[in-house]
Amino acid sequence: LIATCAHVVHFAPGIIVETSNGDRAQALVIAIDTQADVALLYPIKVNATPSFNTPAIVGDSSAILNGAEVWAVGGPLGVELKFSLTYGKISYLSRPAPRGPDGKVMTYLKAFQMQTPIKPGNSGGILTDENGHWIGMNYAGLMTQAKNDMGINFSLHVNDVVLVLRRLIKTGAVIRP
């Protein structure tokens, strides 16, 4: 199973997932939570290679400290720059996640604010700690009109993402009061 942001795949007519070694597979969205901006994909037609069968090592986002060094994996600005790795630091540990794709404020999910540059195309990629453990899911980069603004970037805490994924796997949906 593959986790990504819901806004990446929600209206996609077809989804192809690819590993860094070039293995590709079609994928189906098997569960989605647009309010949390989390989707769960199932790769089909997978040639049984280790790259699709090796899960990310899940870290603990609550153990991350302000100023921690982090790396964001993704494809900034689309497939031409896929598998890019950017480096930065956590600048704030727990912000409410910015507005979701459906316009609702996602105050129940926590997000790291980080100096790590992310752009459109990085969404749904992983944020790792210094040990390569998955600690966040790259979510949003907000830009202002200010000159020389590098933007404010956010990554959803992996602990929250995993809770949503577990509910999606168990019931196919996340029920909220």
Set of side chain to side chain donor-acceptor pair (under 3.5 Å) partners for Ser62, sequence neighbours left out
Asp60
In Å, rounded to the nearest 0.5 Å, how long is the span from CD1 of Ile44 to CD of Gln26?
5.0 Å
Which pair of heavy atoms, one from Gly59 and one from Ile135, lies closest together, and at what distance?
CA-CG2, 4.4 Å
Between CG on residue Leu40 and CD1 on residue Ile2, distance to nearest 0.5 Å:
9.0 Å
Can you name the closest pair of heavy atoms from Val164 and Ala36 and give their distance?
CG2-CB, 4.0 Å
Is there a chain of hydrophobic side chains (I, L, V, M, F, W, Y, each step under 4.5 Å between heavy atoms) that links Ile126 to Leu85?
yes
Should Met137 and Tyr42 be counted in the same cluster of Ile, Leu, Val, Met, Phe, Trp and Tyr side chains packed under 4.5 Å apart?
yes
List the atom pairs, donor and acceptor, that lie under 3.5 Å between side-chain atoms in residues 165-175 and the rest of the protein, sequence neighbours left out.
unit_1	atom_1	unit_2	atom_2	d
Thr171	OG1	Arg167	O	2.9
Thr171	OG1	Ala173	N	3.3
Thr171	OG1	Ala173	O	2.5

What's the separation between atom CG in Leu93 and atom NZ in Lys110, rounded to the nearest 0.5 Å?
11.0 Å
Approximate separation, where rounding is to 0.5 Å, of Tyr139 OH and His7 NE2:
7.5 Å
What pairs with Thr4 under side chain to side chain donor-acceptor pair (under 3.5 Å), at least two apart in sequence or on another chain?
none
Throw together a table of side-chain donor-acceptor distances under 3.5 angstrom for residues 64-71, partners on residues two or more places apart or in other chains.
unit_1	atom_1	unit_2	atom_2	d
Asn66	OD1	Tyr92	N	3.3
Glu69	OE2	Tyr87	OH	2.8

Sorted by chain and number, sequence neighbours left out, side chain to side chain donor-acceptor pair (under 3.5 Å) with Thr116 holds for none
Of all heavy-atom pairs linking Val17 and Pro43, the shortest is CG2-CB, 4.3 Å
Shortest non-hydrogen pair, Val8 vs Ser123, comes out as CG2-O, 3.5 Å
Give the cluster check for Ile57 versus Val162: same hydrophobic cluster or not, with ILVMFWY residues linked at side-chain heavy-atom distances below 4.5 Å.
no
Atom OG in Ser91, atom CG in Asn153: separation rounded to 0.5 Å?
8.5 Å
Considering all heavy atoms of both residues, which atom of Ile32 and which atom of Ala39 are nearest to each other, and what is their separation?
CG1-CB, 4.0 Å
The side chain to side chain contact (heavy atoms under 4.5 Å, CB included) partners of Ser155 (sequence neighbours excluded) come to Met114, Leu127, Asn138
